[in-house]
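Reading through the structure tokens given below for one structure.
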Amino acid sequence: MLVRDIMTRHPLSVQPDTSIHDAFLVMQENQIRHLPIMQDGKLLGMVSNRDIRWVVSAFVTPDVKALQEQTIERLMVRPVLTVDEDQPIEEAARIMRTHKVGSLMVLNDEDQVVGIVTGIDLLDAIINLTGVHQPSSRLEVELKSEPGELARVSQLMANLGINIVSVLTSQTDDQHQRFLFRIQTMNVRAAAHKLREAGFQVVYPQ
Amino acid sequence: MNVLTPTAFIYSSEYQKYKLGPDHPFKSIRGELTLSLLRELNAIRDEDLHLPLSITDAELMLTHAKDYVNMVKSASVGEHLERAREFGLDTTDTPTFPDMHEATLSIVGGTVKAVELVMDGTYKRAFNVGGGLHHAQHRMAAGFCVYNDLSVAARRLSMAGYKVAYLDIDAHHGDGVQMLHYHDRHVLTISLHESGRYLWPGTGSTYELGQGDGSGYSLNVPLEPYTQDHSFLEVMDLLLPEAFEWFQPDVLLLQAGCDPHQQDPLADLCLTVQGMSHIYERIVRYADTYCSGRIVATGGGGYATYNVAPRAWALLYLALSGQPVPEVLPESWREAWLSPNPTEDPIPAHWWDDAVEIPRKQEIEHRNRRTVERLLRDWRDVRK
Ligand SMILES: [Zn+2]
């Protein structure tokens, strides 16, 4: 899955001379938390819902209050963190986590802004990767970290005519990996039974 | 025979054509076994037996997409279909089989017949033993289910102006019915099922409360694996009175899958047959209090074909019709049948089961209680 598959295309943006108040309304009305500031197709900066809320909040001090009359240019954060549209989503997740930001602007080959990707988009992607959005049962198998183990499991599923909706994996120790399958059958026990017969260690169902 | 409430039993030998294959866990013989047990008990009158109605394509297509229905029709006559899998057909769970369309349509017609008998006042209660195909979706077969008889029936009721409370006590989440009525305020769907953390289909969390017009009209209680009789009843008592009091249903549509039983090979709930009998009686009582006693019931899941399904569904019929349960399981019935798999799925020797010991019993009960309390809290917020 690449950033381009999960990003929001044509994100809303404002000009640098927009008042902070108007920018705030744009975010409120469209229920967005990240607003890029663009001019003539060029990305200048970014404000988040948190930056802007502070300025318009009832708790502001007089010097911050003065900002309300200003344009969004005074408030925006730069440089803006970006990611390329053909990067894998895990790369986007890593950049966001490292820099503690909730969104990245997405660029194409010509460095033009083509979209925005947020933490919510990444969560949706994770849900999609786990397969829970499709009717399926959960099957957990511990496999030796050796070539061909996963292939044997999927061959067995194929022989049973069972479609695998998703596979997630994590390392349990040096020699083993835990595989979490979501498989398209209501009769998951029958599949588990076949795997056990073939010598695999099925963790769930018992 | 001491029938308090005459209850229709819908059955047709057509149901036997719903054949998913010799190794498939879904066995249509369950209906036959149930009827024969009721007969041996002398608990059913011939005049209460009814055949399914025939259903038009137009009515079926209020629930299902046209291209999907056409696909099922083609599969019925043995055509090879390139795109079958796109529609959930030709899979291990829902393979195609000869006369698939007609067989499923007869099941749909059975539940609709049950609805008709209740709507025209002939009966207060009706039971279609073959029905309950709650996983079927708008444009997809799923989880052994081809057409969604429950949704077709709910639609016929709501189009006639009835408010329908749909209650699903199958071990699996009633995802098809919920989805088909997720935006619908005329059908309140309530499902009590084993949590979808592991079990098919994975949905049915407390936060699925309906959407748009239907916001507040879907309720789900995901139960802990190994939930037993007492906890199941307690959860029902915490939820149903409040739900029915608020919704004011005209009729209760009950999907009574019997796979929550401790012996069922496909799920992990731990009910006994006597517990299920209590559950049926309790549901009948709620229907009496909140919707003039009107119940349209169907079967559903149940994969201990010989051991559990006939006992459970005979008990359901006895509860619906207000008949006492005879002390002994008739020997004549036991002798009439032979289970093909006597170790895994024997003909039962007695009515009642021995409950199994669950070490985490208290923790499970506590968790289920918390789940309903959380559900009620969220729901009260949403339904305002
Ligand atoms: Zn079920």
field: From OH (Tyr198(B)) to OG (Ser137(A)), nearest 0.5 Å
entry: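 Reported value, rounded in 0.5 Å steps: 13.0 Å.
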- prompt: Quick one: CH2 on Trp200(B) to CZ on Arg182(A), what's the gap to the nearest 0.5 Å?
  reply: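 Here the interatomic distance stands at 9.5 Å.
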Under 4.5 Å from any heavy atom of chain A, what part of [X] do you find: side chain, backbone, both or neither?
{"X": "Leu266(B)", "answer": "both"}
{"X": "Pro265(B)", "answer": "backbone"}
{"X": "Arg85(B)", "answer": "side chain"}
{"X": "His24(B)", "answer": "neither"}
{"X": "His172(B)", "answer": "side chain"}

Counting only heavy atoms from other residues, nucleotides and ligands, does the tally under 6.0 Å from [atom1] of [X] exceed 12?
{"X": "His183(B)", "atom1": "NE2", "answer": "yes"}
{"X": "Glu197(A)", "atom1": "CD", "answer": "yes"}
{"X": "Gln171(A)", "atom1": "CD", "answer": "yes"}
{"X": "Asp173(A)", "atom1": "CG", "answer": "yes"}
{"X": "Arg33(A)", "atom1": "CZ", "answer": "no"}
{"X": "Arg94(A)", "atom1": "CZ", "answer": "no"}

message: Show, in sequence, the C-alpha distance, side-chain angles and deciding distance for Phe26(B) and Met186(A), and conclude whether the side chain to side chain contact (heavy atoms under 4.5 Å, CB included) test is met.
response: CA-CA 11 Å; Phe26(B) 188 104; Met186(A) 202 147 91; over 6 Å; no
Closest-packed option against chain B by number of heavy-atom pairs under 4.5 Å, given Val188(A), Thr185(A), Leu160(A), Asn163(A):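 The option with the most such pairs is Thr185(A).
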field: Proximity breakdown for Gln134(A) and chain B, heavy-atom pairs closer than 4.5 Å
entry: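 The answer is the backbone of Gln134(A).
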- prompt: Nearest heavy-atom pair of Gln137(B) and Pro135(A): which atoms, and what distance?
  reply: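 Scanning both residues, the minimum pair turns out to be NE2-CG, 3.5 Å.
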query: Minimum heavy-atom separation for Asp264(B) to Arg189(A), with atom names?
result: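 Minimum heavy-atom separation between Asp264(B) and Arg189(A): O-NH1, 4.3 Å.
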message: Quick check: under 4.5 Å, non-hydrogen atoms only, which of residues 95-120 of chain A neighbour chain B?
response: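 No residue falls under the 4.5 Å cut-off.
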field: For chain B, which residues of residues 199-206 of chain A have heavy atoms nearer than 4.5 angstrom
entry: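 At a heavy-atom separation under 4.5 Å, chain B is reached by Tyr204(A), Gln206(A).
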query: Of all of Thr92(B), Asp175(B), Asp90(B), which one pairs up most often with chain A through heavy atoms under 4.5 Å apart?
result: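 Answer, by heavy-atom pair count under 4.5 Å with chain A: Thr92(B).
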